[in-house]
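This report concerns only the one structure given below.
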There are 2 protein chains.
Amino acid sequence: MIKTMEWRGNILVLLDQKKLPNVIDFIACYDYRRVAEAIRTMEVRGAPAIGAAAAFAMVLGYKEIRMHGLSGTDVLKKLEEIKRELIDTRPTAVNLAWAVNKIWNAAVNANVNKTIDAVDFLENIAIKIYEDDISNNIKIGHFGAELLPSNATILTHCNAGALATCGWGTALGVVRQGYADGKIKMVYADETRPLLQGARLTAWELEQDDIPVTLITDNMAAWTMKTKKIKAVIVGADRIALNGDVANKIGTYGVALAANALNIPFYVAAATGTFDFKMTSGISIPIEERDGDEVRTFHGQPTSVDNVPVFNPGFDVTPHELITGIITEYGVLTEPYEDMIRQLARKMRRSSND
Amino acid sequence: MIKTMEWRGNILVLLDQKKLPNVIDFIACYDYRRVAEAIRTMEVRGAPAIGAAAAFAMVLGYKEIRMHGLSGTDVLKKLEEIKRELIDTRPTAVNLAWAVNKIWNAAVNANVNKTIDAVDFLENIAIKIYEDDISNNIKIGHFGAELLPSNATILTHCNAGALATCGWGTALGVVRQGYADGKIKMVYADETRPLLQGARLTAWELEQDDIPVTLITDNMAAWTMKTKKIKAVIVGADRIALNGDVANKIGTYGVALAANALNIPFYVAAATGTFDFKMTSGISIPIEERDGDEVRTFHGQPTSVDNVPVFNPGFDVTPHELITGIITEYGVLTEPYEDMIRQLARKMRRSSND
C-alpha cells in the first residue's frame with residue numbers, strides 16, 4: 001500500500017493527495033514551511049495525518065534552529081513561532097495541535113535551550129506519534145468490526161482511511177477489519193464535495209484493497225441508507241469535545257441526522273489524539289471556512305455563475321445524541337459520553353505519567 | 001427573462017439547459033424525436049417544463065402523421081406510438097405523462113382518425129398547458145409567499161425555477177414573490193450533484209433577478225440550516241402521490257429529514273399537473289436510475305477511479321410526514337394530505353367537466 005507519508009530523517013515525503021487518484025506524485029518537504037503549506041493546501045489531509053506531518057515538521061524546524069546556530073532562550077522562542085505557524089494552518093482538527101504540542105512539551109522538558117542536541121530525542125517522539133497512530137488504528141479496526149453484523153452494507157463519508165492517517169485508517173480501518181472478518185458486503189462512499197475525498201481517495205483506497213465500493217453523490221446518502229439496507233454508518237473525526245460532540249468533514253451532520261431518523265447505527269472512529277478534553281462542547285469548536293472557489297470550481301472549471309457568493313465550511317459538528325458509539329483504541333465509548341470521555345482522559349494522564 | 005421554450009408553430013425552440021450558465025444556446029426541434037432526445041438528455045428538464053415540451057412534441061408528431069398522409073385508424077395508432085416514446089423518455093416526473101395524455105385524449109375525443117385536420121385544435125391545447133403553467137406558478141407564488149415570515153433566509157434544492165417550468169417557477173416562483181414582498185433576505189442554493197442544477201440554473205436565475213443567493217454544496221445543507229437561521233425550505237416536485245408523498249430531485253429527502261429534525265418548515269411547490277391521483281403512495285413511484293458517468297465525471301473530467309461502481313438515482317421520495325405544506329395553484333395542502341388531495345382531484349374533475 002502507498003504510504004501517506006514517509007520520514008527520511010532530513011525530509012518528510014508526502015503523497016500528494018490533491019492529485020489522487022489520477023496522478024501518484026510525492027512532495028519532498030525539506031523544511032517545516034513546505035509541510036505547513038502542504039497542510040494548508042490539503043496536499044496532506046485527515047486529522048491524524050496532519051498531526052503526524054506537523055510533528056515531523058517540528059523536528060525539521062528544530063533541526064533548522066540548530067543549523068542556524070541559535071542557542072539559549074532563542075531556541076524555544078523560535079520553536080514556539082514554528083509551533084504557532086503549524087497550528088494556524090488549519091483550525092478545526094485538534095490532532096494538529098495535539099501532536100505539535102507533544103513535540104513542544106518534550107522540547108521544553110528536554111531543556112533544549114541548554115541541551116547540545118535534542119534532534120534524536122524529538123525525532124523519536126515524532127516517529128512514535130506516527131507508529132502509535134497505525135497501531136491505534138488497528139485496535140480501532142478490531143473494536144469497530146465487533147460492532148458490525150455479518151454481511152453488512154456500510155456507508156462512509158469523506159476519507160478516514162489510510163490516507164487520512166499514518167496507515168490502515170480509522171473509519172476505513174474498521175471497514176478493512178470488518179471486510180477481513182466477512183462482515184462487510186459493500187461500502188457506499190459519499191463523494192464529499194467540494195474536494196471529493198470520497199470519490200478520489202476512499203473509492204481508490206478500497207479498490208486498491210479489493211473491498212467492494214459504490215460511489216454516490218452526497219445528496220444520495222439519505223436515500224441510499226433507506227433503500228440499500230445500510231446497517232451502519234462509520235466516519236472519522238477531526239475533533240471530539242468532552243461531551244462527545246464530533247467535528248468532522250462537512251456533511252457528516254446531515255448523514256448523522258438521516259441515520260438517526262432511519263435507526264441506523266452511526267459510529268465515529270478516532271484515536272485519543274482527536275479528543276479535545278478541554279473543549280466542553282462541540283459548540284465551541286472553531287469551524288474552518290475555506291475559499292469559495294473550491295465550490296465555484298471543479299478541476300479549475302466553473303460550476304456556477306462567476307463570483308457567486310459561497311458558504312464553504314470545511315467541517316460541521318454532530319451532536320453526541322446522534323452518535324451510537326465512538327470507537328477508540330481503548331474500546332467503544334457510548335452515552336453517557338461525558339463520563340466515559342473523562343475516564344479516558346484520566347487513563348491517558350496515567351499512562352503518560354508511567 | 002430568457003424563456004425555457006418557445007413554440008413557433010412548426011418548431012419548438014428549447015433553451016439548452018445543459019450548457020447554462022456559461023453558454024446560452026438554443027435547440028430548434030423540428031420533430032418530436034428531437035424533443036424526446038432533449039428530454040432524455042436533460043437539455044430541457046424540470047417536471048412542468050418537460051410536460052409542456054412533450055405536449056408540443058405531440059403536436060409536432062401529429063403534424064408529421066398528417067404530412068405522411070396517414071388516415072383512418074393509422075392516425076391514432078401512430079400517435080399512440082409517439083405518445084409512448086415520449087412518456088418513456090423519463091419515468092419519474094408525472095407531468096410528462098399528464099401533458100402527453102391531455103393531447104392524446106383530446107385527439108381521441110376529436111376523432112382524429114376521421115377529422116381532416118385537428119392541428120389547430122391540438123396546438124391550442126398544448127399552448128393552454130404552457131400558459132396555464134405560468135399562471136399557476138404565479139398563483140403558487142402568492143400562496144407560498146404568504147407562508148413566509150418577513151426578512152427570511154430560505155434554502156432550496158435543485159432548480160424549480162422559470163427554467164424548470166414554462167416560466168416564473170414553482171419553488172422559485174414562491175421565492176420571486178416572497179422577495180417582491182420583502183420577505184426574503186437570502187436564498188441558499190444546494191449545488192445539486194451530479195448535474196449541478198442548483199449551481200448552474202438556480203444561482204443563475206436568481207442572480208438574473210437580483211435576488212441574493214449563496215451557493216453551497218449538497219452536504220452543507222443541514223449545517224447551513226442549523227447555523228444560518230434558515231426559516232423555510234422550499235422545493236419543487238416531480239410526482240406527488242395521493243397520500244402526499246413527494247418524488248423530487250435526489251437529495252430532497254435528506255434535506256427534508258434535516259429540516260424536520262431542526263423544526264424548519266419544509267414546503268413543496270407544485271401545480272396540480274404534478275399530482276398522480278392514481279398512485280396511492282410514494283413507495284410505488286418509479287425512480288429513474290441514470291448513467292453512472294454523471295457521478296464519475298464532473299464537466300467531463302473524472303472524479304474518481306475509472307469504472308468505479310456507481311448508484312445514481314435521479315430522484316428520491318420524501319414521505320408526507322416530513323412535509324409542512326404542498327403549495328398548489330388552488331392553495332396550500334396540509335395533513336391530512338390524502339383527504340385534501342382527494343378533494344383537489346374532485347375539484348379538478350369538476351372543472352374539466354365544465
Side-chain angles (χ1 to χ4, degrees), chain A residues 21-22 157 186 188-194 196 198-200 203-204 207 212-224 226-228 249-258 260-262 287 292 294-296 298-299 301-306 308-313 315-317 322, chain B residues 21-22 157 188-194 196 198-200 203-204 207 212-224 226-228 249-258 260-262 287 292 294-296 298-306 308-313 315-317 322:
Chain A
N22 301 312
H157 185 69
M186 177 57 73
Y188 282 87
D190 292 351
E191 68 174 5
T192 318
R193 277 279 287 154
L196 298 167
R200 296 190 300 106
W204 182 73
E207 290 222 334
V213 60
T214 299
L215 181 66
I216 57 173
T217 63
D218 298 295
N219 57 17
M220 293 168 190
W223 187 243
T224 298
K226 182 164 184 170
T227 60
K228 296 293 181 184
K249 178 53 56 193
I250 187 72
T252 304
Y253 175 51
V255 170
L257 286 172
N260 196 251
L262 292 162
I287 300 296
E294 291 182 352
V295 175
R296 274 185 289 258
F298 177 80
H299 276 330
Q301 291 192 57
T303 62
S304 182
V305 288
D306 287 347
V308 64
V310 160
F311 175 47
N312 185 20
F315 304 88
D316 57 27
V317 176
L322 300 176
Chain B
N22 301 313
H157 186 70
Y188 281 86
D190 291 351
E191 67 174 6
T192 318
R193 277 280 286 154
L196 297 169
R200 295 189 302 104
W204 181 73
E207 288 222 335
V213 60
T214 299
L215 181 65
I216 57 174
T217 62
D218 298 295
N219 56 18
M220 293 170 191
W223 187 243
T224 298
K226 180 162 185 173
T227 59
K228 296 293 184 185
K249 178 51 59 194
I250 187 71
T252 304
Y253 175 50
V255 170
L257 286 173
N260 198 252
L262 292 163
I287 299 296
E294 290 182 351
V295 174
R296 275 186 287 261
F298 200 114
H299 278 331
Q301 294 192 55
T303 62
S304 185
V305 286
D306 287 348
V308 64
V310 160
F311 176 47
N312 185 20
F315 304 89
D316 56 28
V317 177
L322 299 176

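Owing to the predicted nature of the structure, the values given are computational and were not obtained by experimental measurement. Proteins come first, then strands; the chains are lettered A, B, ... in the order of their sequence lines, and each starts at number 1.
- No part of B/Lys249 comes within reach of chain A, as not one of its non-hydrogen atoms sits under 4.5 angstrom from that chain.
- For chain B, the option among A/Lys228, A/Arg296, A/Glu294 with the highest count of heavy-atom pairs below 4.5 Å is A/Lys228.
- The distance from atom CD of A/Glu191 to atom CG of B/Asp218, rounded to the nearest 0.5 Å, is 8.0 Å.
- Annotation: maximal heavy-atom pairing with chain A below 4.5 Å, among B/Asn312, B/Ile287, B/Val305, B/Leu257, occurs at B/Val305.
- Between B/Phe298 and A/Phe298, the ring planes lie parallel to each other; the angle is under 30°, not in the 30° to 60° tilted range.
- Between chain B and the options A/Val213, A/Asp190, A/Val317, A/Leu196, heavy-atom pairs under 4.5 Å are most frequent for A/Val317.
- Distance check, rounded to the nearest 0.5 Å: OH of A/Tyr253 to OG1 of B/Thr227 gives 9.5 Å.
- Separation of atoms CG (A/Asp306) and CD (B/Glu207) is listed at 9.0 Å; rounding is to 0.5 Å.
- Ranked by heavy-atom pairs under 4.5 Å with chain B, the list A/Ser304, A/Gly251, A/Ala222, A/Ala189 is led by A/Ser304.
- Separation of atoms CG (A/Asp316) and OG1 (B/Thr224) is listed at 9.5 Å; rounding is to 0.5 Å.
- At a 4.5 Å heavy-atom cutoff, the contact between A/Pro21 and chain B is made by side-chain atoms alone.
- Atom OG1 in B/Thr303 sits 5.5 Å away from atom CG in A/Leu215 (nearest 0.5 Å).
- The OG1 atom of A/Thr217 sits 10.0 Å away from the CG atom of B/Asn219 when rounded to the nearest 0.5 Å.
- When each of A/Ala258, A/Pro302, A/Gly254, A/Ala221 is scored by its heavy-atom pairs under 4.5 Å with chain B, the top score falls to A/Pro302.
- A pairwise comparison of heavy atoms in B/Phe311 and A/Met220 identifies O-SD, 3.2 Å as the closest pair.
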